[in-house]
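The structure under discussion appears below in the form of structure tokens.
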There are 2 protein chains.
Amino acid sequence: MKNRLKVLRAERDWSQSDLADALDVSRQTINALETGKYDPSLPLAFKIARLFALPIEAIFEDTP
Amino acid sequence: MKNRLKVLRAERDWSQSDLADALDVSRQTINALETGKYDPSLPLAFKIARLFALPIEAIFEDTP
DNA sequence: GGGTAATGTCAAGTATCCTTGTCAAAAAGA
DNA sequence: TCTTTTTGACAAGGATACTTGACATTACCC
């Protein structure tokens with residue numbers, strides 16, 4: 001599943017650490033999400049969507 | 001995180017087994033989701049949303 | 001009442017998500 | 001160039017998601 005985290009983060013000029021802090025997860029988790037190592041849990045996906053004020057479907061793409 | 005699975009399923013008169021088959025997961029997984037044992041993974045949440053033709057936010061509620 | 005379908009639940013195992021800690025390489029700034 | 005920041009990556013461990021198999025309870029139908 002692809003995601004737009006890197007772009008959304010760049011638009012705000014945030015580092016991976018900044019985003020991790022805002023979401024209360026580790027920097028490694030953000031890095032793993034951005035580099036496609038795994039998908040977030042549903043609760044984390046909601047947190048991300050809320051932070052960026054976007055629907056989940058606007059951030060994560062449902063294609064393998 | 002609450003969800004509307006039971007209602008959506010009832011609207012279609014589906015058993016937990018029917019839904020499990022449609023989503024290609026075990027019946028126990030559906031039961032666990034409906035009884036609040038745990039939340040689905042993001043990929044499964046997308047599958048559920050696609051099946052019911054609804055946004056994820058219309059099925060899962062982002063409140064602990 | 002007896003039979004069958006549907007639901008709830010448990011246990012044990014595998015897979016996935018997320019953690020801390022660490023290191024190396026790339027990028028950015030002076 | 002030197003220094004700092006940022007990113008990518010790995011290992012080991014804990015937490016969560018999902019599996020199969022089994023069993024008990026409940027609901028429905030005859």
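Protein chains get the first letters and strands the later ones, always in sequence-line order, with residue 1 at the start of each.
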Gap between atoms CG and P, on B:L23 and D:dA17 respectively (whole Å):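 One finds 16 Å between P of D:dA17 and CG of B:L23, rounded.
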
Quick check: do [X] and [Y] have side-chain heavy atoms less than 4.5 Å from each other?
{"X": "B:L19", "Y": "B:L51", "result": "yes"}
{"X": "B:E11", "Y": "B:V7", "result": "yes"}
{"X": "B:F46", "Y": "A:E57", "result": "yes"}

Any residue meeting side-chain contact (heavy atoms from CB on, under 4.5 Å) with B:T29, in chain and number order, not counting sequence neighbours: B:V25, B:S26, B:L33, B:Y38, B:L44

side-chain contact (heavy atoms from CB on, under 4.5 Å) against B:A58, all qualifying residues, sequence neighbours excluded: B:L54, B:P55

B:P43 vs B:S17, nearer the 5' end of DNA chain C by closest nucleotide: B:S17

B:R9: salt bridge (Lys or Arg N to Asp or Glu O under 4.0 Å) partners, not counting sequence neighbours: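 By the salt bridge (Lys or Arg N to Asp or Glu O under 4.0 Å) rule, B:R9 matches B:E34.
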
Partners passing salt bridge (Lys or Arg N to Asp or Glu O under 4.0 Å) against A:R50 (at least two apart in sequence or in another chain): B:D62

Partner residues of B:N3 under the side-chain hydrogen bond (donor to acceptor under 3.5 Å, both in side chains) criterion, sequence neighbours left out: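 B:N3: no side-chain hydrogen bond (donor to acceptor under 3.5 Å, both in side chains) contacts found.
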
Taking only nitrogen or oxygen atoms into account, show me every contact under 3.5 Å that the protein makes with nucleotides 18-21 of chain D, one pair per line with its distance.
from   : atom 1 : to    : atom 2 : distance (Å)
D:dC18 : OP1    : B:S41 : N      : 3.0
D:dC18 : OP1    : B:S41 : OG     : 2.7
D:dT19 : OP1    : B:S26 : N      : 3.3
D:dT19 : OP2    : B:S26 : N      : 2.9
D:dT19 : OP2    : B:S26 : OG     : 2.8
D:dT19 : OP2    : B:T29 : OG1    : 2.2
D:dG21 : N7     : B:Q28 : NE2    : 3.3
D:dG21 : O6     : B:Q28 : NE2    : 3.1

Salt bridge (charged side-chain N to carboxylate O under 4.0 Å, His left out) partners of residues 14-28 of chain A, not counting sequence neighbours, each pair once: none

Pairs meeting criterion salt bridge (charged side-chain N to carboxylate O under 4.0 Å, His left out) with involvement of residues 36-46 of chain B, two or more places apart: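 Non-adjacent pairs meeting salt bridge (charged side-chain N to carboxylate O under 4.0 Å, His left out): zero.
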
DNA chain C contacts made by residues 47-54 of chain B, counting heavy atoms under 4.0 Å: none

Degree of bending, the helix from C:dG1-D:dC30 to C:dA30-D:dT1 (end axes from five pairs; round to 10°):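 It comes to 50° between the two terminal axes.
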
Approximate separation, where rounding is to 0.5 Å, of B:I30 CD1 and B:L23 CG: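 The distance works out to 5.0 Å.
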
Interatomic spacing from OG1 in A:T35 to NZ in A:K6 - rounded to 0.5 Å: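 Reported to 0.5 Å precision, the distance equals 9.0 Å.
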
Side-chain N,O (A:N31) to OP1/OP2 (D:dT7) below 4.0 Å: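 False: A:N31 side-chain N/O out of range (4.0 Å or more) of D:dT7 OP1/OP2.
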
Residue-phosphate contact under 4.0 Å: A:K37 side-chain N/O, D:dA9 OP1/OP2: yes

DNA chain C: 5'-most and 3'-most nucleotides touching chain A, 4.0 angstrom heavy-atom criterion: C:dC17 to C:dT22

Residues in ring-ring contact (aromatic ring centres under 6.0 Å, His included) contact with B:F52, at least two apart in sequence or another chain: B:W14

